[in-house]
Amino acid sequence: VSRRAVTTLNVWLLKTSRGRLGNSFLGMPVALLTTIGGKSGKPRTRPVYFMLDGERCLLVASNGGSPEDPAWLKNVRVHPRVVFERLGRPRTMICRVASAEEKARYWPQLTTLFPMWQEVQDSPFRRPTPRPPLASRTDSYRDSSSAGSAEASVARAVDRAQRDHG
């Protein structure tokens, strides 16, 4: 079974069950992250592991240990507004890459939660795991002047998620 098929099935399962099924894997919590494609401008939804710290959500862009950054991280670098959906509840957030100091602070907690991330980082054959992206809750950002922008696409994705799960 391909990684793409597993991802598609997991997104479908999380959306259909409103987060009741597929919300953990290997003991790690799983949520849906919707980004806007850096090139396409279309919403892209992927399951992600995460750790909460108050209003912040920490993600690790390990991409399963592969040498490239995951597509969602590339998208976030272009369009930082995201929808983070946990247990069927979508939240609009702003995502950024953590500073070196933030990585030093959070990395021990993240690797306690999922030790494989440290194993991947220590492997001489893999790229170093980048600083974890942080997503923080954002206030309303909808602006009629950006109706055709990528941010408006995220707004529509949020509206759809709230309608579907409201």
Side-chain angles (χ1 to χ4, degrees), residues 1-52 56-98 106-107 110-135 150-166:
V1 179
S2 74
R3 182 190 282 188
R4 177 177 273 180
V6 170
T7 297
T8 301
L9 178 62
N10 200 359
V11 168
W12 177 83
L13 188 62
L14 281 161
K15 283 185 175 289
T16 302
S17 72
R18 296 185 180 161
R20 291 186 299 271
L21 300 174
N23 60 22
S24 68
F25 184 72
L26 300 174
M28 289 281 301
V30 176
L32 293 176
L33 182 72
T34 300
T35 61
I36 297 300
K39 293 179 183 175
S40 71
K42 295 179 181 178
R44 304 288 184 200
T45 302
R46 295 289 176 261
V48 292
Y49 293 128
F50 67 94
M51 183 181 93
L52 296 177
R56 286 185 169 177
C57 171
L58 286 83
L59 311 170
V60 175
S62 67
N63 204 13
S66 80
E68 343 35 73
D69 286 338
W72 65 260
L73 180 59
K74 294 174 187 175
N75 293 341
V76 160
R77 288 181 173 138
V78 177
H79 303 291
R81 295 185 195 278
V82 301
V83 176
F84 178 77
E85 188 172 339
R86 177 177 171 245
L87 301 175
R89 293 183 206 101
R91 292 171 54 182
T92 303
M93 304 181 96
I94 300 294
C95 194
R96 66 175 176 81
V97 175
Y106 288 119
W107 193 247
L110 288 163
T111 56
T112 296
L113 192 62
F114 198 55
M116 187 190 87
W117 284 328
Q118 188 64 51
E119 293 171 21
V120 167
Q121 181 156 329
D122 292 343
S123 170
F125 306 107
R126 301 288 185 196
R127 68 177 167 83
T129 302
R131 296 187 306 270
L134 303 174
E151 286 80 7
S153 295
V154 172
R156 288 190 295 274
V158 170
D159 290 341
R160 267 194 314 278
Q162 288 173 338
R163 245 190 344 270
D164 293 346
H165 303 295

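Numbering starts at 1 and runs along the sequence shown.
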Distance in Å, [X] [atom1] paired with [Y] [atom2], rounded so as to fall on 0.5 Å steps:
X	Y	atom1	atom2	result
Arg56	Met51	CZ	CE	10.5 Å
Cys95	Arg77	SG	CZ	10.0 Å
Cys57	Arg91	SG	CZ	7.5 Å
Trp12	Thr16	CH2	OG1	4.5 Å

Any side-chain heavy-atom pair from [X] and [Y] closer than 4.5 angstrom?
X	Y	result
Trp107	Val60	yes
Thr45	Lys15	yes
Glu85	Leu14	no
Tyr49	Leu59	no
Ile36	Arg81	no

Work out which heavy atom in [X] is nearest to a heavy atom in [Y]; give both atom names and the distance.
X	Y	value
Trp72	Thr35	O-CG2, 3.9 Å
Val30	Pro47	CG1-CB, 3.8 Å
Leu113	Met28	O-SD, 3.4 Å
Gly38	Asn75	N-OD1, 3.0 Å
Lys74	Asp69	CE-O, 3.5 Å

Got a sec, which residues hit side-chain contact (heavy atoms from CB on, under 4.5 Å) with [X], two or more places apart in sequence or on another chain?
X	answer
Thr112	none
Ser24	none
Leu13	Leu21
Arg46	Thr7

Q: Would you please name every residue forming a side-chain hydrogen bond (donor to acceptor under 3.5 Å, both in side chains) with Arg20, sequence neighbours left out?
A: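 Testing Arg20 for side-chain hydrogen bond (donor to acceptor under 3.5 Å, both in side chains), a comparison that skips the adjacent residues, returns none.
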